[in-house]
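Worksheet: one structure, shown below.
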Amino acid sequence: MDVRQFVRLGRKIVAVGRNYRAHAAELGNTVPEQPMVFLKPTSSYVTQGRPIVIPPRVTELHHEVELGVVIGKEGRDIPKSSALSHVAGYALALDMTARNLQNEAKKKGHPWSVAKGYDTFCPVSDFIDRDQLDWSSCTLWLKVDGQEKQRGSTSNMIFPIPDLLAFISSIFTLEPGDLILTGTPEGVGPVVPGQTITAGLDDFLEMTFPVVGPR
Ligand SMILES: O=C([O-])CC(=O)C(=O)O
Ligand SMILES: [Mg+2]
């Protein structure tokens with residue numbers, strides 16, 4: 001599948017938060033007892049060749065590198081034991097987050113849709129076929145202007161992919177073209193206009209996105 005295919009199919013983007021202990025800790029959050037799920041709109045997709053745009057109200061835009069799971073087969077109430085048969089493949093993704101708006105929302109008990117949902121807040125890599133990746137122990141990394149900010153192994157997920165798919169499909173029917181963002185390891189931080197984000201999976205996939213200011 002071409003990356004444009006699931007971006008165009010654009011069913012839904014289901015994101016999981018606080019799935020790595022060290023990231024939950026760096027933002028002063030406790031570790032959830034079950035996966036913490038939120039949605040990002042498919043209008044937030046951006047593919048390589050286009051920039052990440054910082055909107056006017058966003059004074060602190062953070063990068064969060066995450067492994068994305070692309071669904072290939074519909075399912076509801078999927079058991080953990082067969083969850084991986086619903087996976088078409090993977091993509092590297094950034095869960096771009098307006099941290100200033102998220103902090104305000106957290107204080108008020110409001111949802112995160114605005115903080116997580118602006119256009120260009122879901123940069124995605126090329127599609128990776130499921131046979132090409134050992135999802136259970138690959139390394140996610142992210143650099144800003146060549147300086148490493150994030151590096152973490154998917155082996156440190158609190159809820160591994162089969163657990164996430166079982167939980168999420170107990171709420172939403174999973175459909176071909178859905179993207180599941182599996183949470184970010186530690187090291188999140190701000191980017192400003194003029195910077196370039198490079199992120200990768202081990203040494204076999206790399207993606208680059210420039211960051212620009214409000215338009
Ligand atoms: O905004 C957050 O800290 C939650 C989140 O998306 C993550 O842990 O990946
Ligand atoms: Mg995230």
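Every number for a ligand or one of its atoms is a count from 1 in the order of the listing.
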Donor-acceptor check, side chain of Thr139 to backbone of Asp202, threshold 3.5 angstrom: yes or no? no

Within the structure, is a non-hydrogen atom of Lys116 found at a distance of less than 4.0 Å from ligand 1? yes

Any heavy atom of Asp95 under 4.0 Å from ligand 1? The part involved is side chain

Does ligand 1 have any atom that is closer than 4.0 Å to a heavy atom of Met36? no

Enclosure of Asp203 CG (heavy-atom neighbours >12, cutoff 6.0 Å): no

If the contact criterion is a heavy-atom separation under 4.0 Å, does Gly183 count as touching ligand 1? yes

Number the atoms of ligand 1 from 1 as they appear, then name those within less than 4.0 Å of a heavy atom of Arg99, with their elements. 1 (O), 2 (C), 3 (O)

Give the numbers and elements of all ligand 1 atoms closer than 4.0 Å to a heavy atom of Arg18. 7 (C), 8 (O)

Looking at the Mg ion (ligand 2), which N/O/S atom of Asp95 is the nearest one? OD2

Those atoms of ligand 1 less than 4.0 Å from some heavy atom in Glu66: 9 (O)

Proximal heteroatom of Glu66 relative to the Mg ion (ligand 2) (N/O/S): OE2

Value for CG (Leu165) from CG (Leu84), rounded to nearest 0.5 Å, stands at 7.0 Å

Separation of Ile180 CD1 from Ile161 CD1 (nearest 0.5 Å): 9.5 Å

Numbered atoms and elements of ligand 1 in range of Gln102, under 4.0 angstrom, heavy atoms: 1 (O), 2 (C)

Treating Lys40 as the side-chain partner and Phe121 as the backbone partner, does any N or O pair qualify as donor plus acceptor under 3.5 Å? yes

What about His23: any of its N or O atoms under 3.5 Å from an N or O on ligand 1? yes

Starting at CD of Gln195, measure out to NZ of Lys143 and round the result to the nearest 0.5 Å. 15.0 Å

Taking only heavy atoms of Leu27 into account, list the atoms of ligand 1 that are under 4.0 Å away from them. 3 (O)

Atom 5 (C) of ligand 1 has as its nearest protein heavy atom Glu64 OE1, 3.4 Å

Inter-residue atom distance His86.NE2 - Ile78.CD1, 0.5 Å rounding: 4.0 Å

May I ask you to list the atoms of ligand 1 that are less than 4.0 angstrom from any heavy atom of Phe38? 6 (O)

Between Arg99 and Glu64, is there a side-chain N and carboxylate O pair less than 4.0 Å apart? yes

For ligand 1, which atoms have a heavy atom of Gly17 less than 4.0 angstrom away? 4 (C), 5 (C), 7 (C), 8 (O)

Any chance you could measure Ser82, atom OG, to Lys73, atom NZ, to the nearest 0.5 Å? 7.0 Å

Side-chain H-bond candidate by donor/acceptor type, Ser153 with Asn156, under 3.5 Å: no

Could you check which N/O/S atom of Glu64 is closest to the Mg ion (ligand 2)? OE1

Contact check, Tyr20 vs ligand 1, heavy-atom distance below 4.0 Å: no

Output the distance between atom CG (Leu205) and atom CD1 (Ile128), rounded to the nearest 0.5 Å. 4.5 Å

May I ask whether Val188 has any heavy atom positioned less than 4.0 angstrom from an atom of ligand 1? no

